[in-house]
Amino acid sequence: MKDQCIFCMIAEGTIPSVTIFEDDDFRVMMDINPASKGHCLIIPRKHFDNIYDLDHETAGKLFALATDIARALKEALGCDGMNLVQNNGEIAGQTVFHFHLHLIPRYAGDDVKVGWVPHKSDPDELKSICEAVSARLSSD
Ligand code: AMP
Ligand code: ZN
C-alpha cells in the first residue's frame, strides 16, 4: 500500500468503488468517468507505479483475468468491439500512478478516441531499434 495512492485505497476498500470482481490479487471496478458503457479497470491490490514495475506472476494473472472480464462484458453488454488500454507515464496519458488496465467496450457509432497517427518507417531505423531492444531481453 503506497501512501496517498487512491487506487491502493480503493483496492483495499477504504474508498468505495463499483466492483465487478475481486480476489486476493485484483479488484475490477467501473471507471468513474467512463469512455463508453461498461468501461472498467483492473487494478492489482499490490501497488505498482506502472508496467516497468509489474512482476511476471501478477502480469500473467492480470491478463488471464482480462480475458474473463472481456468475455463477461461482451456477453452482458453486447458490445461490438473492445479496446484494452494501459497508460504509463504522463506523456502516455497516465493520471493515476498505480498500474491499471482499461477495458473499454466499443459500440458502432460511439465517440471513443483511442489511436495514433501512423508514420512512414525507415527500414534502417526499424532494424537498429529492433537490435537495441532485442539485446536487452534475457532468454529466461
Ligand atoms: P489513466 O489516465 O490511464 O491513469 O486512467 C485513470 C482512470 O481512473 C481514469 O479513466 C479515471 O476516470 C479513473 N478513475 C479515477 N478515480 C477513480 C475512482 N475513484 N473510481 C473509479 N475510477 C477512477
Ligand atoms: Zn497504489
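Numbering of ligands and ligand atoms starts at 1, following listing order. Keep in mind that the numbers below use all heavy atoms, side chains included, and drop hydrogens, waters and symmetry copies.
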Undergrad: Restricting to under 2.8 Å, identify the protein N, O or S atoms around the Zn ion (ligand 2) as residue plus atom.
TA: C5 SG, C8 SG, H47 ND1, H98 ND1

Undergrad: Cluster question for you: counting only ILVMFWY and a side-chain heavy-atom cut-off of under 4.5 Å, with indirect links fine, are I42 and L84 together?
TA: yes

Undergrad: As a check for students: among V18, I32, T95, identify the option with a heavy atom nearest to atom 21 (C) of ligand 1.
TA: I32

Undergrad: When only distance counts, is H102 in polar contact with ligand 1, meaning an N/O pair under 3.5 Å?
TA: yes

Undergrad: Suppose I only count heavy atoms of I10 and a 4.0 Å limit; which atoms of ligand 1 are within that range?
TA: 18 (C), 19 (N), 20 (N)

Undergrad: Hey, what do you get for NE2 (H100) to CZ (R27), rounding to the nearest 0.5 Å?
TA: 15.5 Å

Undergrad: Polar-atom distance check: H39 versus ligand 1, any N or O pair below 3.5 Å?
TA: no

Undergrad: Is any NZ, NE, NH1 or NH2 atom of the basic residue among K127 and D124 found under 4.0 Å from an Asp or Glu carboxylate oxygen of the other?
TA: no

Undergrad: With only distance considered, is L41 within less than 3.5 Å of ligand 1 through an N or O on each side?
TA: no

Undergrad: Hey, does V85 sit under 4.0 Å from ligand 1 if you only count heavy atoms?
TA: no

Undergrad: Can you tell me if G93 contacts ligand 1 (heavy atom of the residue under 4.0 Å from the ligand)?
TA: yes

Undergrad: Give yes or no for whether the N/O distance cutoff of 3.5 Å, strictly under, is met between V96 and ligand 1.
TA: yes

Undergrad: Pick one of side chain, backbone, both or neither for how I15 approaches ligand 1, counting any non-hydrogen atom pair under 4.0 Å.
TA: neither

Undergrad: One residue to check: Q86. Relative to ligand 1, which of side chain, backbone, both or neither has a non-hydrogen atom less than 4.0 Å away?
TA: neither

Undergrad: Closer than 4.0 Å to some heavy atom of M30 - which atoms of ligand 1 meet that?
TA: 21 (C)

Undergrad: Using heavy atoms and a threshold below 4.0 Å, how should the contact between F7 and ligand 1 be classified: side chain, backbone, both, or neither?
TA: side chain

Undergrad: Number the atoms of ligand 1 from 1 as they appear, then name those within less than 4.0 Å of a heavy atom of N87, with their elements.
TA: 1 (P), 2 (O), 3 (O)

Undergrad: How about V112 and Y107: do any of their side-chain heavy atoms sit closer than 4.5 Å?
TA: no

